[in-house]
*Asks:* 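Below: one structure in structure tokens.
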Amino acid sequence: MADEREQLRNDAAARYDPAAIEQKWMERWAADPKLYAAEPATSKKPKYYVLEMLPYPSGQLHMGHVRNYAIGDALARQMWMRGYNVLHPMGWDAFGLPAENAALKNNTPPREWTVQNIAAMKRQFNRLGMGFDWATEVTTCMPEYYRWNQWFFLRMYEKGLAYRKKSKVNWCPECATVLANEQVVDGCCWRHEDTKVEQRDLVQWFLRITAYAEELLEGLEKLPGWPEKVRTMQRNWIGRSEGTEVDFFLEEQGTRERGSKGAERQRIRVFTTRVDTIFGATSVQLAPEHPLVATFTAEDAALKPKVDELIAQQKAARDAGDLGAIEKHGVATGRFAINPYNGERVPIWVANYILMDYGTGAIMSVPAHDERDFEFATKYGIEIRRVIKPISEGEGADALPFLSEDGVLVNSGEYDGLTCVQAQEKLQKAAARGAFGEAKVIFRLKDWGVSRQRYWGTPIPMVHCERDGVVPVPEDQLPVILPDNVEITQQGGSPLARVPEFVNTTCPKCGGPARRETDTMDTFVDSSWYFYRYTDAHNSRAPFDSDIAKYWFPIDQYIGGVEHAILHLIYSRFWTKVMRDLGLIRNDEPVDRLFTQGMVIKDGAKMSKSKGNVVSPDDMVARYGADSARMYSLFAAPPDRDLDWQEDGVAGVSRFLGRVWRIVTKYAAVARSAEASPQVSSKTQVGGALLRKLHQTIAKITQDFEGRWHFNTDVAAIMELVNEIQDAEPQMAAGEIPAPVVRELLRTLVLLLAPFAPFLAAELWEQLGEKGAILREPWPKSDPDLAKEDEIEIPAQINGKLVAVVRVAAGSDSKTLESAALADDKVKARIAGKTVVKIIVVPGRTVNLVVK
RNA sequence: GCCCGGAUGGCGAAAUUGGCAGACGCAGCGGACUUAAAAUCCGCAGACCCUAACCGGUCGUGGGGGUUCAAGUCCCCCUCUGGGCACCA
């Protein structure tokens, strides 16, 4: 037994034993808290802020995390080695519903559950060797952090950016709380894919993100370092639309001819992007929930059930997540509206395809030039009147049922003959003159509803006083502490409302009895500015020091999943603009470059518990070591593409690292015996070919880190290098390769490996006799002379087909290449008896003979 | 319907500006070492045809057309697939 153990120990010394190596370095690194710390903002080094999205502390890292953080950590390590002042922090998005659900399930308080999970995940991060500076750790559920959420909320309240209003809100019965528009996916909750979101009327707190709609949209143009995909998604989400609002006059009952005068006349305001087609408007359509409809139904009892039916249809379609799919239905109200441009009297309808929450909830219907209006008019026999003539009188344009393209106006009175664009401008001016309309830009983006009727979140720092109404909590009374020991239930309404000690307070204004706001903030508030806090994580007087934030921002590289393309990334952009306007920071945008990595797939589906195809990082680490798991996640696919997880692949990477281990440890003594020597810059010696390969590899990886980020090919390049070194092993063993060359090869190999396999690199660095941290070692430089090939192979083609490969000196001119190709036997045989019409030579690339 | 990706061996994938398609790895096959196995090392490996074998040939990057001396790469049309948006007036 003892012998066996002894044997194992000896084997471990000889063989690559990731468990032992990683344990050793984990302890060393833990004992050196400065290792991954950034230097202060006064540092002379150029700064580099690399950030991966902070995880929700579920208690378990998954492979998506491993991939995300392996990418960021590789970048951070390389930047450290390149001499940058690197900020590479980590934290926890620690508020949110799962903690409450866990509380229900296990009877553990959310705080306890969260704190335990954080500890567990931190262990996993350290086990994986992630180079985070834990001194700047941010945990969003701590009062030291969330007090600043409250502080920001008060600032926004002062500026009118936070406000309360009654509104229809998205209610998830499962979460028993409100959701933001951004959190509703296909009519269902983003957390509960099978739970339909209900509409409820509630008084809610909102943040006026729409005040920044225009800037949020324009700012996208100034983010070339963001994926086009993300910018497009945000552009669509903001949904800017230029058009015109026009008032149709409501024809009063029984006063059809006279009408009352000007301003007193009731109006229906419609929004249109095609005011140029207004002479073709043959009806006005109202959303079923339009306020005017209520007055109509009040006067006409028969109308009410029909309108209710339309509302029900809309609701059903919304629940199904597909408003576009319902058949168009409508009902004529019997009322009429007057087109302000020509005085024409058109019927007013209520229709289920008109949405109350977009535009004005009312449209002018132009069946001849809008597909939806056409469909509706056809169904109900409403007049279809052409008012646009296509410019290109193409085949059968007139035969088309409707024409949505631009053209020239007809049947439009004084506007006839104008182009659509000209007409829009003129009609807008006329509307403004006549005070019955104006040019208008509207957005699809809505204000951000941040109230949540849940416990585990930031308390909204407001007080309700019977005398003074809504009163903000004074700044010096922050934070409003979230009480512990709150009973969590599945019923609706905020759990905080059932905690008298929390609810009952005094009014800051009058000192009388008052009730605290019991809603908490959406957790996306927490993640909207957390990355600023990292720069000054322990500041107790301000969210962060402005000067420090000015030094670090914007974030140079942000890395995370594309699923945050809208929610998190638009809220953080908004928050940044607010903070800028508060004078806290100087940057307009939080993130300079954004990288969205692909998903981790297994057996053709995204890894998920419900699919049962989850691979646990702990298992992988236990079986192959952290280095192998990390390196595989970089090797198996380029980081921006989906990664197909194959365990055999991890084993392969592990084998490779074992080869590196064997070679380096075997020749470490040779390397240690040598000094740095000019021999290593000569390639005319034994081992010169290896030096060439080495410098080519340095060049490739260095260049790749500059932005292309195809880490899979970088790992492949290191493998090629190791293969060549291994092929030269007989010479190494025979001592034919000079020791300084061996030293240079092994040292550099280990340096190149450092961003990808930090544990092994640290261990081998030490075995090579180095004392300092490999992270502090300068990144190797490629010598172009050494990297250059002396001889290259050039394909010789005939009529574009490969016939032979000829060897020539690197840098040979066209003449040399041409004659080399013509001298080749295979080429000679192929052109015998034929005429060479033309010879194309691309130096360094190819020779092609055009032969007849 | 609209807007983005993607499609390359049995599999994951490579291929700076158009210039040797399949680097690197996985799985596979053959061999060495071993009593044996594992581990490790060496070698083979797109498909098809020809050949006893060597040699050699043809085809080949989702499909069809085109530009070019030369196309995985550029242009046009189409198919499939992943994602986002969608009665947004």
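Letters go in sequence order (proteins before strands), and every chain restarts at 1.
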*Asks:* Using the C1' atom on both, measure B:U67 against B:A13 and round to a whole Å.
*Replies:* 30 Å
*Asks:* Report the nucleotide, chosen from B:C87, B:C42, B:C59, that has the shortest atom-to-atom distance to any side-chain atom of A:Lys801.
*Replies:* B:C59
*Asks:* Tell me whether the centres of the aromatic rings in A:Phe711 and A:Phe705 are closer together than 6.0 Å.
*Replies:* yes
*Asks:* What does nucleotides 24-33 of chain B look like as a protein-contact string, B for base, S for sugar-phosphate only, - for none, at under 4.0 angstrom between heavy atoms?
*Replies:* BSSS------
*Asks:* Tell me what A:Pro638 touches on the nucleic acid: a base, only sugar-phosphate, or nothing, going by heavy atoms under 4.0 Å.
*Replies:* sugar-phosphate
*Asks:* Quick check on B:G84: is either OP1 or OP2 less than 4.0 Å from any side-chain nitrogen or oxygen of A:Thr232?
*Replies:* no
*Asks:* Please report the distance, rounded to the nearest Å, between OH in A:Tyr358 and P in B:A86.
*Replies:* 12 Å
*Asks:* Identify whether the glycosidic angle of B:G84 places it syn (within 90° of 0) or anti.
*Replies:* anti
*Asks:* What's A:Val850 touching, base or sugar-phosphate or nothing? Going by heavy atoms closer than 4.0 Å.
*Replies:* sugar-phosphate
*Asks:* Tell me which nucleotide among B:A14, B:A89, B:G84 gets nearest to the side chain of A:Asn712.
*Replies:* B:A14
*Asks:* Of the candidate nucleotides B:C20, B:C87, B:A89, which contains the atom at the shortest distance from the side chain of A:Ile363?
*Replies:* B:A89
*Asks:* Of all the nucleotides listed (B:A13, B:C85, B:C42), which has the minimum atom distance to the side chain of A:Gln726?
*Replies:* B:C42
*Asks:* So which atom in A:Asp644 and which in A:Gln646 form the shortest heavy-atom distance, rounded to 0.1 Å?
*Replies:* OD2-NE2, 3.1 Å
*Asks:* Would you indicate, yes or no, if B:G83 has its OP1 or OP2 atom less than 4.0 angstrom from a side-chain nitrogen or oxygen of A:Arg641?
*Replies:* no
*Asks:* Would you please classify the geometry between the A:Trp709 ring and the A:Phe595 ring as parallel, tilted or perpendicular, with 30° and 60° separating the classes?
*Replies:* tilted
*Asks:* Using the P atom as the reference point in each nucleotide, state the distance between B:A45 and B:G30 in Å, no decimals.
*Replies:* 15 Å
*Asks:* Considering only the C1' atoms, how many Å lie between B:A39 and B:A21, rounded to the nearest integer?
*Replies:* 35 Å
*Asks:* In whole Å, what separates the P atom of B:U79 from that of B:C69?
*Replies:* 32 Å
*Asks:* Pick the P atom in B:G19 and in B:G12, then give their distance to the nearest Å.
*Replies:* 24 Å
*Asks:* Got a donor-acceptor pair under 3.5 Å from the side chain of A:Lys229 to the base of B:C3?
*Replies:* no
*Asks:* Rounded off to whole Å, could you give me the CG-to-P distance for the A:Asn236 and B:A86 pair?
*Replies:* 8 Å
*Asks:* Distance check needed: B:A70 C1' versus A:Ile794 CD1, whole Å only.
*Replies:* 15 Å
*Asks:* Looking only at atom types and distance, does a side-chain atom of A:Asn712 sit under 3.5 Å from a main-chain N or O of A:Phe635, one as donor and one as acceptor?
*Replies:* no
*Asks:* Should the pair A:His568 and A:His564 be assigned to parallel (<30°), tilted (30 to 60°) or perpendicular (>60°) ring geometry?
*Replies:* perpendicular
*Asks:* For A:Arg269 and A:Asp247, which heavy atoms make the closest approach, and how far apart are they?
*Replies:* NE-OD1, 2.8 Å
*Asks:* Between A:Gln597 and A:Ile559, is a side chain to side chain contact (heavy atoms under 4.5 Å, CB included) present by the stated rule, with each step listed?
*Replies:* CA-CA 7 Å; A:Gln597 93 261 11; A:Ile559 305 161; 4.1 Å; yes
*Asks:* Please work out whether the ring planes of A:Phe279 and A:Tyr341 are parallel, tilted or perpendicular, with thresholds of 30° and 60°.
*Replies:* tilted
*Asks:* With hydrogens left out and only the distance checked, is there a donor-acceptor pair under 3.5 Å joining A:Arg845's side chain and the base of B:U17?
*Replies:* yes
*Asks:* When you get a sec, tell me which of B:A39, B:U16, B:C87 is the closest nucleotide to the side chain of A:Arg15?
*Replies:* B:A39
*Asks:* Please report the distance, rounded to the nearest Å, between NZ in A:Lys602 and P in B:C11.
*Replies:* 18 Å
*Asks:* Within the structure shown, what part of the strands sits under 4.0 Å from A:Ile718 by heavy-atom distance: base, sugar-phosphate, or nothing?
*Replies:* nothing
*Asks:* On RNA chain B, compare the nucleotides closest to A:Gln703 and A:His329; which residue's is nearer the 5' end?
*Replies:* A:Gln703
*Asks:* By nearest heavy atom, map A:Thr713 and A:Asp373 onto RNA chain B; which one lands nearer the 5' end?
*Replies:* A:Thr713
*Asks:* How is A:Glu793 classified with respect to the nucleic acid when contacts are heavy atoms under 4.0 Å: base, sugar-phosphate, or nothing?
*Replies:* base
*Asks:* Got a donor-acceptor contact below 3.5 angstrom from the A:Trp349 side chain to the A:Leu286 backbone?
*Replies:* no
*Asks:* Specify the separation, in whole Å, of atom CE of A:Met233 and atom C1' of B:G84.
*Replies:* 5 Å
*Asks:* Counting a pair only when it is Watson-Crick or G-U and both distances are under 3.5 Å, which runs of at least 3 such pairs involve RNA chain B?
*Replies:* B:1-7 with B:79-85, B:10-12 with B:24-26, B:28-32 with B:40-44, B:46-49 with B:56-59, B:62-66 with B:74-78
*Asks:* Got a sec, which residues hit salt bridge (Lys or Arg N to Asp or Glu O under 4.0 Å) with A:Glu228, two or more places apart in sequence or on another chain?
*Replies:* A:Arg231, A:Arg235
*Asks:* Let me know the distance between CD1 of A:Ile442 and P of B:A89, rounded to the nearest Å.
*Replies:* 6 Å
*Asks:* Starting at CD of A:Gln696 and ending at P of B:A14, how long is that distance when rounded to a whole Å?
*Replies:* 20 Å
*Asks:* I'd like the C1' distance from B:A23 over to B:A15, given in whole Å.
*Replies:* 8 Å
*Asks:* Given atom NZ of A:Lys838 and atom C1' of B:A70, what is their separation to the nearest angstrom?
*Replies:* 11 Å
*Asks:* Hey, is the side chain of A:Asn848 poking within less than 4.0 Å of OP1 or OP2 on B:G19, counting only N and O atoms?
*Replies:* no
*Asks:* Using the C1' atom as the point on both nucleotides, what is the distance between B:G28 and B:G9, in whole Å?
*Replies:* 13 Å
*Asks:* For B:G65 and B:U17, measure between their C1' atoms and round to the nearest Å.
*Replies:* 26 Å
*Asks:* Backbone N or O of A:Ala717 within a donor-acceptor pair of the A:Lys700 side chain at under 3.5 Å?
*Replies:* no
*Asks:* Assign A:Asp642 to base, sugar-phosphate, or nothing according to its heavy-atom contacts below 4.0 angstrom with the strands shown.
*Replies:* sugar-phosphate
*Asks:* Name the orientation class of the two ring planes belonging to A:Tyr632 and A:Trp645 (parallel below 30°, tilted from 30 to 60°, perpendicular beyond 60°).
*Replies:* perpendicular
*Asks:* Which nucleotide in the set B:G19, B:A89, B:C85 lies at the smallest distance from any side-chain heavy atom of A:Thr846?
*Replies:* B:G19
